[in-house]
Undergrad: 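What follows is a single structure, and I will ask about it in a moment.
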Amino acid sequence: MSDVSVEKVKCLIIGSGPAGYTAAIYAARANLSPLLFTGIEPGGQLTITNEVENFPGYPNGVIGPEMMEDLRKQAERFGTDVRFEVIAKVDFSGPVHKAWTESGQEIQADTVIISTGASAKWLGIESEQRLMNKGVSACAVCDGFFFRGQEVAIVGGGDTAAEEATYLAKMCTKVHLLVRRDELRASKIMQERVLKTVNLEVHWNTEAQEILGSDGVEGVKVLNNKTGETSVLPVTGFFVAIGHKPNTEIFEGWLDMDENKYLKTVPGRSFTNIEGVFASGDAQDHIYRQAVTAAGSGCMAALDAERYLAEKGII
């Protein structure tokens, strides 16, 4: 079998979504001729989001996949080479960074911008996937607005669940927080906020068995794992807040990560611990996780990459 040729680029972007495409727009306009690999889910999590109403510039809202298409076309307009492939392996040991696609193509890059995102963790029940974007969501801040004046349920016991439950309680008539155990894992201050919120009911030792409804959420069947009793909560929205998993596996051993595998960056910058490698979006942000903050960090990464190349005399 003949050797696969090596491709050399100034700027390699791994991952798409708002961070990757924004990085590509800025890098392309700086004449870095970026090469972007979309990954398994071109456009990231927004491709499974029906309505995006909180991204600036879309006064009437926009469908997630349509917004990602707009960003991709904008990146391509300025000369980004977008490829619908996956980067399977990297080697950041030398001054020139190496990456390999699943098909074995080797890419050598002076700079690398990582925008591989994070994926929401799901419960794994069939009805959850069937009713995705039809009342089932993994982001209360993104989608809570659609459930104003309604009754909703949210699953989780950590800080994210507590924070999102209290957020939902400000706009919903009632919020049911389903907690698997007999206590919250959330910090004391968040626990206090939950327990003080009048229209927020905590269901201890409770697990969601099935989300009811055919073309929208009409209720949730829950199980009390101590008594074995089942009941139905009359909700129209179902939120899952059991955490996210950053898509950073291929960078293990190369880049510094926190205990949850999010990439560590220099505060206020996109620098990782490897010179010439920058991180943006949800792969390094476990706090905000919004399309607009991801886009902003993609811009930062591209500007940092451009300055790095200029300092090295490469551009």
Side-chain angles (χ1 to χ4, degrees), residues 45 48-50 118-246 260 282 286-290:
Q45 287 190 88
I48 57 166
T49 304
N50 265 359
S119 302
K121 293 178 182 175
W122 297 98
L123 299 174
I125 54 180
E126 181 275 330
S127 49
E128 181 183 53
Q129 296 302 311
R130 181 168 52 82
L131 291 168
M132 181 93 65
N133 291 322
K134 296 177 180 178
V136 172
S137 168
C139 181
V141 176
C142 312
D143 300 327
F145 182 80
F146 301 115
F147 298 90
R148 287 168 302 164
Q150 299 177 45
E151 197 165 328
V152 300
I154 180 165
V155 178
D159 274 346
T160 300
E163 191 175 329
E164 296 207 338
T166 52
Y167 173 84
L168 289 168
K170 292 173 186 172
M171 60 188 78
C172 299
T173 53
K174 185 163 187 180
V175 177
H176 300 271
L177 177 59
L178 313 181
V179 183
R180 230 178 12 174
R181 305 190 300 177
D182 58 0
E183 61 179 359
L184 289 167
R185 289 181 292 105
S187 58
K188 290 292 180 199
I189 190 165
M190 289 309 298
Q191 291 188 42
E192 286 170 15
R193 281 183 199 166
V194 165
L195 298 174
K196 282 180 183 173
T197 304
V198 178
N199 61 332
L200 201 171
E201 182 180 350
V202 182
H203 299 260
W204 305 108
N205 302 111
T206 300
E207 299 176 29
Q209 279 196 315
E210 185 186 359
I211 304 158
L212 308 173
S214 53
D215 202 41
V217 174
E218 295 170 9
V220 57
K221 182 181 177 184
V222 298
L223 166 74
N224 184 302
N225 57 32
K226 265 201 168 174
T227 65
E229 290 178 25
T230 60
S231 56
V232 173
L233 300 174
V235 299
T236 52
F238 185 84
F239 293 85
V240 180
I242 57 175
H244 284 72
K245 179 180 176 293
N260 295 314
D282 289 9
H286 60 90
I287 297 171
Y288 300 105
R289 294 198 302 264
Q290 299 297 302

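Heads up: numbering here begins at 1 and tracks the sequence.
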Undergrad: Parallel, tilted or perpendicular: which fits the ring planes of His203 and His176, with parallel below 30° and perpendicular above 60°?
TA: tilted

Undergrad: About how many Å separate CG of Leu184 and CE of Met190, when rounded to the nearest 0.5 Å?
TA: 9.5 Å

Undergrad: Which heavy atom of Arg148 sits nearest to which heavy atom of Phe145, and what is that distance?
TA: NE-O, 3.0 Å

Undergrad: Are any of the side-chain heavy atoms of Arg289 and Thr160 separated by less than 4.5 Å?
TA: yes

Undergrad: Shortest non-hydrogen contact from Gly237 to Val217?
TA: N-CG1, 4.0 Å

Undergrad: Would you say that His244 contacts His286 through its side chain, given a criterion of any heavy-atom pair below 4.5 Å between the two side chains?
TA: no

Undergrad: Measure from the side-chain N and O atoms of Arg130 to the backbone N and O of Gly213, and report whether any donor-acceptor pair falls under 3.5 Å.
TA: yes

Undergrad: Keeping the roles fixed (side chain from Gln209, backbone from Lys221), state whether a donor-acceptor pair exists under 3.5 Å.
TA: no

Undergrad: For the residue pair Cys142 and Gln290, establish whether any side-chain heavy-atom pair is separated by less than 4.5 Å.
TA: yes

Undergrad: So, for Asp159 and Ser187, which heavy atoms are closest and what is the spacing to 0.1 Å?
TA: OD1-N, 2.7 Å

Undergrad: Do Phe239 and Val152 make a side-chain contact, defined as non-hydrogen atoms from C-beta onward lying under 4.5 Å apart?
TA: yes

Undergrad: Kindly indicate whether the side chain of Lys134, heavy atoms from C-beta on, has any atom under 4.5 Å from the side chain of Asp215.
TA: yes

Undergrad: So do Val136 and Trp122 actually touch side chain to side chain, heavy atoms under 4.5 Å?
TA: yes

Undergrad: What I'd like to find out is whether the side chain of Val175 reaches to under 4.5 Å of the side chain of Thr197, using heavy atoms alone.
TA: no

Undergrad: Distance-only, no hydrogens or angles: does the Thr230 side chain make a donor-acceptor pair with backbone N or O of Val222 under 3.5 Å?
TA: no

Undergrad: Ignoring hydrogens and geometry, is there a side-chain-to-backbone donor-acceptor pair from Gln150 to Thr236 under 3.5 Å?
TA: no

Undergrad: Any chance you could measure Glu201, atom CD, to Thr206, atom OG1, to the nearest 0.5 Å?
TA: 9.0 Å

Undergrad: Ignoring hydrogens and geometry, is there a side-chain-to-backbone donor-acceptor pair from Asn225 to Arg180 under 3.5 Å?
TA: yes

Undergrad: Quick one: pull up CD1 in Ile125 and CZ in Phe238 and give me the separation to the nearest 0.5 Å.
TA: 5.5 Å

Undergrad: Answer yes or no: is there a donor N or O on one side and an acceptor on the other, between the side chain of Asn199 and the main chain of Cys172, under 3.5 Å?
TA: yes

Undergrad: Where do Glu164 and Ala241 come nearest, in terms of heavy atoms and distance?
TA: OE1-CB, 4.1 Å

Undergrad: Between Leu178 and Ala208, which heavy-atom pair has the shortest distance, and what is it?
TA: CD1-CB, 4.2 Å

Undergrad: With rounding to the nearest 0.5 Å, note down the distance linking CG in Asn205 to CG in Leu223.
TA: 10.0 Å

Undergrad: So for atom CD, which belongs to Glu229, do other residues, nucleotides or ligands contribute more than 12 heavy atoms lying within a distance under 6.0 Å?
TA: no

Undergrad: How long is the span from the OG1 atom in Thr166 to the CZ atom in Arg193, to the nearest 0.5 Å?
TA: 7.0 Å

Undergrad: Kindly compute the distance separating CG (Leu168) from CG (Leu200), expressed to the nearest 0.5 Å.
TA: 8.5 Å

Undergrad: Do you know which of Leu123, Val235, Leu131 makes side chain to side chain contact (heavy atoms under 4.5 Å, CB included) with Ile211?
TA: Leu131

Undergrad: Which heavy atom in Gly135 sits nearest to a heavy atom in Phe147, and how many Å separate them?
TA: CA-CZ, 3.8 Å

